[in-house]
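Read through the structure below, which is laid out as C-alpha cells, and then see the notes.
Each chain gets a letter, A, B and so on, in the order its sequence line appears, and its residues count up from 1. Remember, predicted model here, so these are calculated numbers, not experimental data.
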Number of protein chains: 2
Amino acid sequence: MTGRTPAPRKATRRDVARLAGVSDAVVSYTLNGTAPVAAATAERVLAAVEQLGYRPNQAARALRSGSADTLAFLVPSSSDPVFTNPFFGEYASTLEAAARDRGYALYTTATSFRPDEVLARFREFAARQIDGVLVLAGSTPLDSAALDRVGLPWIALNVATGEHGVASLGTDLRAGAVAMTTHLLEHGHGSVGFVGQDDPSEPRYVGWLQACTAAGVPAGPFIAAEVTRPGGRDAGHRIADERSADPTPAPRAFFVASDRTAVGVLRAFHERGVRVPEDIAIASFDGSSEAEYAWPGLTTFRQPIDEMAQSAVARLLATDRDHTHELFPGELVRRRSCGCPDAG
Amino acid sequence: MTGRTPAPRKATRRDVARLAGVSDAVVSYTLNGTAPVAAATAERVLAAVEQLGYRPNQAARALRSGSADTLAFLVPSSSDPVFTNPFFGEYASTLEAAARDRGYALYTTATSFRPDEVLARFREFAARQIDGVLVLAGSTPLDSAALDRVGLPWIALNVATGEHGVASLGTDLRAGAVAMTTHLLEHGHGSVGFVGQDDPSEPRYVGWLQACTAAGVPAGPFIAAEVTRPGGRDAGHRIADERSADPTPAPRAFFVASDRTAVGVLRAFHERGVRVPEDIAIASFDGSSEAEYAWPGLTTFRQPIDEMAQSAVARLLATDRDHTHELFPGELVRRRSCGCPDAG
DNA sequence: TTGAAAGCGATACCAT
DNA sequence: ATGGTATCGCTTTCAA
C-alpha cells in the first residue's frame, strides 16, 4: 500500500523529551554530545528515541545551524552535446563514500553548463544550506569570479589547466599524452598522428607534440575531431579514406584524445576494413571500461578517479582551503590496439 | 579567490521588508502569490529583492511547510557488483527536467541496494523533508512494506514484474524478448538460443521461450550468464568453444539479455574468431549507446527511457496516486549483428 | 548535570 | 491590501 496509509505523526524532539522525562535540551545534548549527560539519563533518552523512532528534522537543524551537512556534485547534463564524462558513475560513487565518511550526504545534480545556469544552481545550493560544491568541469569554462560571489566553497574536478585562485584538480593530460605517444613510437612507428580537439594549447596536443619532438620524428598528421564517439567515427572515416587513396599505404599510429573518441575511430576503421593494429595502431586516453571491451582492446591512459575524488572532498572540506590546481599522474594500460602482442 | 572572501551576510526576508517599507508578510505574499498585493507595493518589494540579492532560505521554508520541494533519485552505487544501469544518465537527465518543470529539484544519490541501507536512505530523505523517491531498481528486491512505513511516496523504475500495491514501471521485457527472438527467426535460423540470467520466470526468458514455441522451433541452447560485460564474455567463450568442438558447425543465432552482456559476448567472439553475424547472429536488449558503437552494431530492443521517466515523476507527484505496475512498449532497432544487410 | 528560553527564516492566520 | 505574530523543530547560551 505504498504511501496510501499516511505515516503516523512524526515524533519530534519534544515528544522524546517528554517520554524520557527530561527537557528538550537534554535530548540535544545526548544526541549530539554537546554537553555532559548522566549515564542513566542518556539511557532513558536513547530508549525514548528508539521507541518513538525519532529522527531529527534536518530542515530545522539546517535552519538553526546554517548547514545541511550536504555536498552537491554538479555534473553536465547528458543532453549537453559537447561533453559527457565516462567516469561520472565512478566519480559519484567515490565522492559519495568520501563525503559520507565525513558525515556529509552527497547529492548529485545535472545541469547544462551555460554560465548563467551554473550560477543559478550555485544560488539554489546556497539557499538550501549546502556546504560545498564539487563541479565536474565540462569543456565550457566556468565563471569562477561569479561563482565565488555566491559564497559557497567549491572545487572543480576534471580540470586540465589550473586557473589562478580556483581550487581544482585533474589528471596530468600532457604527461599522459607524452606517455602514450612515446609508447606508440617505441613500437617502431616512424611518426604518430593525433586525433583530438583543434586547440594547440590543449595539454594532450602539447604532450603529443613534445613527445614527437623529443623523439626527433615529425609530428604525424593532426586530425581535428570533436571528442565524442561520433566525432571519432568521422575522424576515422577521414583517416581511412585518405589511406585508401594512397597506392602504397604504410602502417601508421594515432594517439586519440579519449576512449570514447577512439571507440568511434575503431568503428569507422571496422566499417572501412582497416585493421587495428596491423594497418593502423591506436592508443587512447581515460582508462574507462569502454576501452576494455572495445575490439581490439584499447591501450589507454588510466585516470586515477578514486584518488582524485578522495582529494576533492578532503580539500573542499578542509578548514584551511587552498585554491590551487592539483595534478594527478595516471597510468598506461597496455592492450592490443597499440600493437602490444600479449596484451588483452 | 574561490571561497576566500566570506560572502556578505545573506539578506533575509526581514531585510527586504524593511528596505521596501512593508511588513514581512507582504514579502511572502508578493513572492508566493498567497494574497493579493497592490501593484505599487509589489514593485517595491521586487526591487528590494533584486537590490539585496535576496533568496528565500529553503531550510526555513522546508521547516515551516514540511516540504523541501525536492525529489530523490536513488540509484544502485556503481560499486554494487550485481548491477549497473546503462541508462542511469539518461534517466537522471529526463527525471531532472520533469521534476524541474513541476517546481521540484532532483537529487540523485547512490546506494548499495542492501535492504537495510535502502531503508536508511529513505529515513534520511524523510528527515530532510524530501517529497518523494524514485528508485532505480536493481536486481535485489525491495522490502516495499518497510519502505512504505517511512511514509514517503515512492515509485520503482526499471521493474520487470509488478508487485501488488507498489507503484512501479518498466519496459515490457517479455514482449521485447518475443520481438527480438522472432526477428532472429525471420532471418531463417532454425533455432535461437538465449544468453541471460538463469531464471525461468524472468520475462526475457519467458518471451524467448514463447517466441520459439509459437514458431514451432526448438528453443535453442540456453546459456546461463551474469548480465554484465564479463558475464557475457564468459558465455561467449563457452559458445565459441562448443562451436569449435563441432566438426560441422552450423550458423546459429542468440538473443542476449542486455547490450552490456552482448558487448561481452562480442568480445569473446572476436577473441575466438567467430564472425558475427555470419557464424553466429546476435540480437540484444536495451538500446543503449554501447549497442550503437559496438562492432558489428547490435540489433537491440530500445527501452523508452524518456517516456518512463516522465511518467514516473507524474505518477509520483499525482494527488491520487496509483500503486500499479505500468508496462511500456519498446522498439526494435535494426543493426548488423542480426544479419540485417543494409543496417548500421 | 539539567532546564528555560531566545532565536534561525519563512508562512499563514487573524485582525485591521 | 497590509501588518502583527504564533509556529515549524532544533541548537545553544545562560542560570540554576
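Side-chain nitrogen and oxygen atoms of B:Asn32 include at least one within less than 4.0 Å of the OP1 or OP2 phosphate oxygen of C:dT11. Contact annotation: A:Thr41 side-chain N/O to C:dT2 OP1/OP2 distance is under 4.0 Å.
Taking B:Tyr104 as the reference, nothing meets the ring-ring contact (aromatic ring centres under 6.0 Å, His included) condition, with sequence neighbours excluded.
When distances run from any side-chain atom of A:Ala38 to the nucleotides C:dT2, D:dG3, D:dC10, the shortest one goes to C:dT2. Side-chain proximity of A:Thr34 to C:dA10, D:dT12, D:dT11: nearest is D:dT12. Considering only the side chain of A:Ser28, D:dT11 comes nearest among D:dT11, C:dC13, C:dT2.
Computed from coordinates, the B:Asp15 CG to C:dG9 P distance equals 9 Å when rounded to whole Å. Remark: P of D:dT13 and CG of A:Asp24 are 17 Å apart, rounded to the nearest angstrom. In this structure, B:Arg14 atom CZ and C:dA10 atom P are separated by 11 Å, rounded to whole Å. Distance B:Gln129 CD to C:dT11 C1': 15 Å, rounded to the nearest Å. Distance, A:Leu31 CG to D:dG9 P: 16 Å, rounded to whole Å.
Checking B:Asn57 against A:Gln129 by side-chain atom types alone, a donor-acceptor pair falls below 3.5 Å.
Interatomic distance, B:Leu63 CG to B:Gln58 CD, rounded to the nearest 0.5 Å: 12.5 Å.
Of the residues in residues 43-71 of chain B, B:Leu63, B:Arg64 come within less than 4.0 Å of DNA chain D through at least one heavy atom, sorted by number.
Electrostatic pairing of A:Arg55 and B:Glu124 does not count as a salt bridge here, judged by no charged N lying under 4.0 Å from a carboxylate O. A salt bridge links A:Arg121 to B:Glu96: one of the charged nitrogens lies within less than 4.0 Å of a carboxylate oxygen.
Within a 6.0 Å sphere centred on CD of A:Glu43, other residues, nucleotides and ligands contribute 12 heavy atoms or fewer.
Remark: of the listed residues B:Leu71, B:Val150, B:Val133, B:Thr70, B:Val133 is the sole one forming a side-chain contact (heavy atoms from CB on, under 4.5 Å) with B:Phe125.
Both A:Ala35 and B:Tyr29 sit near DNA chain C, but only A:Ala35 has its closest nucleotide nearer the 5' end.
Counting non-hydrogen atoms under 4.0 angstrom, B:Val27 reaches nothing in the nucleic acid.
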